[in-house]
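So the structure is just underneath, and the comments pick up after that.
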Amino acid sequence: MEENLKQKSTQINSDFTKAQELGFNSNDFIRITKRNINLETVSNQFQLLINGLPNINIDRPAILNDGIEPLSEEQAKYFATIFDGKKKNIKIKKFVPASGAASRMFKFLTEFINEYKPEEETINAYINRKKDKNLPIFLVAKEKFAFYDAVLESAKKLLPNFETCSKDEQDYAFINAMLSPSHYNFANKPKGVLPFHKYANNHIATAIEEHLNECVSYACSNNESHLHFTVSEEHQEEFEEIINKIKSKFESQNSISINVNYSYQDKATDVIAVDLDGKPFRDDNDQLVFRPGGHGALIENLNTLQADVIFIKNIDNVIQNHIQEVALYKKALAGKLTLLQESIFEYLKILDSGLISENNLLEIVQFSTANLKISITEDFSKYTKESKIEYLHTLLNRPIRVCGMVKNEGEPGGGPFWVRDVKGNTYLQIIEASQIDANQTKILEKSTHFNPVDLVCSTKNFKGEYFDLTQYIDANTGFIVEKNNNGKLLKAYELPGLWNGAMANWITVFVEVPLFTFNPVKTVNDLLKPAHQSVNG
């Protein structure tokens, strides 16, 4: 007992000394300790902020038949059938990042409320002054939104003489009712709880409901479906209210039990900002400023899930129509994953046994290069047999992900590329445009596909043990951002993205999927697209 107290005291003193070296005082140290933030991690992040992130060496874009595998409808049906045949023996879970607020979704409407001058100009004059292309679309088509009727009623209460007012006054009241904290407050709510779709029977469905609908279509086995949302703690109750209202309907209609659980982004993954001189950034009260580490922090949440196959899909990428077609391609990716996993596990067992011939080693090399797109070091042939076994074991004994890719039609965001490491080997990675150096923009221009965040993952090894996913992160693929805090500039390190650097060292396979499987709602006007409108209405 006494020895343990001594060790603990020594560790605290050591940590405090480290904190002082990083520019923190005793109050800072207490706050950092309460958040369980690792000081060594902070030190590494500060070094990255001071020295900058190393450039990612893009070799070429991944394109069809060079990094991206084609998938015909017949092939999709074949792989989906494989998955359907195997799923009774595996546990399946769907993982949906859903913690962010919908502020960007309503950005142009928030700007309108803040900057429109009703006493001085018409809405049309505002549109011309701001060159706003989104607002006129919203106003012309607002009756098509699932939330129209409810918001209209609220607008009428907000403006008692609504019926006799000008159209500008009515439109202003409508948008104000949508965004006002005392009314619907849409911009400050998570996307998952917003009314996304209106069905022919006037049923209004949220994105949460559509994810349940998808779960029973492809992410279930043995009459069970497991759905995991990452949420902000203050929003969990809203999620639960929606789930409690609709879950039993899906369960009875599909003779299935749906298990829903939640997790929050760990405060220990928050990052500490610095000023432009590289010193810890402080607010007006001389307190450290902590920032969320970005969606890359969710690798910690994913790391706690226990399942054989995990589907990952963003909260806003849902569809009102053609759910069975979407399910087909999700199951196809899962079927592809399970077949690859079986082969990988079989090879790992052979490597582990020690009873392996040179022909076996050659077969594993050919499988790795052809099926997994893994680059084998040029010196491999010179290795001893024992070194070859160790090398191939390390290459194959990793988490696996099969990622759907869609043809790029101008969507902003990341895409699939071949990246070259310091040893000259190439590997597949999802890279954000912001990570690509200016002198490599020509490579970016040749990119043909986009990352829709359509992943199917295996996080268990060939012995049935779960990988520690934090061991497969490439910290050098994070992001350095500059932000304004009450008029003062700060810099912060954002963690490698969940499907970017956080999975950089996974076995990665890219498969082309149809564009109709990708229907994100980045702005409210995206809800006007056919995928989000009733086929009957």
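Heads up: numbering here begins at 1 and tracks the sequence. Any value given below was found using the heavy atoms of this structure, including those in side chains, with hydrogens, waters and symmetry copies removed.
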| field | Worked check of ring pair (Phe, Tyr, Trp, His ring centres under 6.0 Å) between F46 and Y493 | value | CA-CA 8 Å; F46 278 13; Y493 171 81; over 10 Å; no
| field | Worked check of side chain to side chain contact (heavy atoms under 4.5 Å, CB included) between R291 and E494 | value | CA-CA 9 Å; R291 300 190 75 255; E494 283 195 358; 3.8 Å; yes
| message | Set out, in order, the CA-CA distance, both residues' side-chain angles and the distance that settles ring pair (Phe, Tyr, Trp, His ring centres under 6.0 Å) for Y184 and F147, then state yes or no. | response | CA-CA 10 Å; Y184 282 94; F147 51 74; 8.4 Å; no
| request: For salt bridge (Lys or Arg N to Asp or Glu O under 4.0 Å), just list the numbers for D454 and K313, CA-CA rounded to whole Å, side-chain angles, deciding distance to a tenth of an Å, and then say yes or no. | output: CA-CA 5 Å; D454 190 3; K313 196 175 186 185; over 6 Å; no
| I58 and W418: CA distance, side-chain angles, deciding distance, side chain to side chain contact (heavy atoms under 4.5 Å, CB included) verdict | CA-CA 6 Å; I58 307 294; W418 289 97; over 6 Å; no
| request: Check the pair D275, R282 against salt bridge (Lys or Arg N to Asp or Glu O under 4.0 Å), reporting the backbone distance first and the verdict last. | output: CA-CA 8 Å; D275 60 25; R282 300 180 184 280; over 6 Å; no
| task | Go through the steps for I310 and L302 under the test side chain to side chain contact (heavy atoms under 4.5 Å, CB included), then give the verdict. | result | CA-CA 9 Å; I310 301 172; L302 186 63; 4.0 Å; yes
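The minimum heavy-atom distance linking S263 with N301 is given by the pair OG-ND2, 2.8 Å. The minimum heavy-atom distance between I430 and C403, with the atom names listed, is CD1-SG, 4.4 Å. Here the shortest heavy-atom pairing between S232 and S99 reads OG-O, 2.9 Å. When every heavy atom of L527 is checked against every heavy atom of P195, the shortest pair comes out as CD1-O, 4.3 Å.
Of the charged side-chain nitrogens involved, at least one lies within less than 4.0 Å of a carboxylate oxygen, so that E115 and K130 count as a salt-bridged pair. Checked for salt-bridge contact, E69 and K373 meet the test: a charged N lies under 4.0 Å from a carboxylate O. We find that R31 and D28 are not joined by a salt bridge, their nearest charged nitrogen and carboxylate oxygen being 4.0 Å or further apart. Classification of D308 and K93 as a salt-bridged pair fails, no side-chain N sitting under 4.0 Å from a carboxylate O.
Counting only N and O atoms by type, the side chains of H235 and K189 include no donor and acceptor under 3.5 Å apart. A donor-acceptor contact closer than 3.5 angstrom is absent between the side chains of D379 and T377. Using modelled atom types, one finds a donor on one side chain and an acceptor on the other under 3.5 Å when comparing N188 with N185. In this model, no donor atom of one side chain and acceptor atom of the other lie less than 3.5 Å apart for T122 and D168. Checked by atom type, the side-chain pair H228/N261 shows a donor-acceptor distance below 3.5 Å. N505 and D474 are not linked by any side-chain donor-acceptor pair at a separation below 3.5 angstrom, with hydrogens and angles left out of the test.
Contact annotation: the side chain of V309 approaches that of V456 to within less than 4.5 Å [non-hydrogen atoms, C-beta and beyond]. The side-chain heavy atoms of I37 and V42, taken from C-beta on, include a pair separated by under 4.5 Å. Two residues are said to be in side-chain contact when any heavy atoms from C-beta on lie closer than 4.5 Å; N303 and T470 meet this criterion. I272 places none of its side-chain heavy atoms less than 4.5 Å from the side chain of V289. Looking at heavy atoms from C-beta onward, I123 lies in side-chain contact with L139 at the 4.5 angstrom threshold. A heavy-atom distance below 4.5 Å is not found between the side chains of S447 and E445. Within the 4.5 Å cutoff, no side-chain heavy atoms of P97 are placed close to those of H295. Under the 4.5 Å side-chain criterion, counting only non-hydrogen atoms from C-beta, N317 is in contact with F518.
Considering W506, F462, Y472 in turn, Y472 is the only one that fulfils the ring-ring contact (aromatic ring centres under 6.0 Å, His included) rule with F467.
Within a 6.0 Å sphere centred on NZ of K407, other residues, nucleotides and ligands contribute 12 heavy atoms or fewer. Counting non-hydrogen atoms of neighbouring residues, nucleotides and ligands closer than 6.0 angstrom, the CZ atom of R104 reaches no more than 12 such neighbours. By the neighbour-count criterion of 12 heavy atoms within 6.0 Å, atom CD of E378 is sparsely surrounded, having that number or fewer from other residues, nucleotides or ligands. The 12-atom threshold is exceeded at CD of E482, counting heavy atoms of other residues, nucleotides or ligands nearer than 6.0 Å. Atom NZ of K279 is surrounded by 12 or fewer heavy atoms from other residues, nucleotides or ligands within 6.0 Å.
The main-chain N or O of I315 is found under 3.5 Å from a side-chain atom of H211 such that the two form a donor-acceptor pair. Between the side chain of H532 and the backbone N or O of N519, at least one donor-acceptor pair lies under 3.5 Å. Between the side chain of T110 and the main chain of F106, a donor-acceptor pair closer than 3.5 Å is present. With D266 contributing its side chain and T269 its backbone, the two residues share no donor-acceptor pair below 3.5 Å. Proximity of a side-chain donor or acceptor of K191 to a complementary backbone N or O of V521 within less than 3.5 Å is detected. Panel note: side chain Y383, backbone E390; no donor-acceptor pair is recorded below 3.5 Å. Although no hydrogens or angles enter the test, the distance criterion places no donor-acceptor pair under 3.5 Å between the side chain of D316 and the main chain of P520. No donor-acceptor pair closer than 3.5 Å links the side chain of Q287 to the backbone N or O of D283. Side chain of S180 to backbone of S182: a donor-acceptor contact under 3.5 angstrom is found. Under the 3.5 Å distance criterion, the side-chain polar atoms of Y116 are matched with a main-chain donor or acceptor of E121.
Once rounded to the nearest 0.5 Å, the distance linking CG of N176 with CG of L109 reads 11.0 Å. Annotation: the span from T230 atom OG1 to L298 atom CG amounts to 4.5 Å, rounded to 0.5 Å. Note that CG of N57 is 12.5 Å distant from CZ of F417, once rounded to the nearest 0.5 Å. Separation of atoms CD (E240) and CD1 (I243) is listed at 9.0 Å; rounding is to 0.5 Å. Rounded to the nearest 0.5 angstrom, F450 CZ and L515 CG are separated by 10.5 Å. Atom CG of L444 is separated from atom CD of Q435 by 11.5 Å, given to the nearest 0.5 angstrom.
Geometric assessment of K330 against the ring of F311 yields a negative cation-pi assignment under the 6.0 Å and 45° thresholds.
Here F145 and F138 bring their ring centres to under 6.0 angstrom of each other. Aromatic pair F16/F29: centroids less than 6.0 angstrom apart.
Within the structure, salt bridge (Lys or Arg N to Asp or Glu O under 4.0 Å) contacts touching residues 44-65 (residues at least two apart or in different chains) are D59-R420, R60-D66.
K131 meets the side chain to side chain contact (heavy atoms under 4.5 Å, CB included) test with no other residue; sequence neighbours excluded.
Between Y262 and F239, the two ring planes are perpendicular [angle over 60°; tilted spans 30° to 60°].
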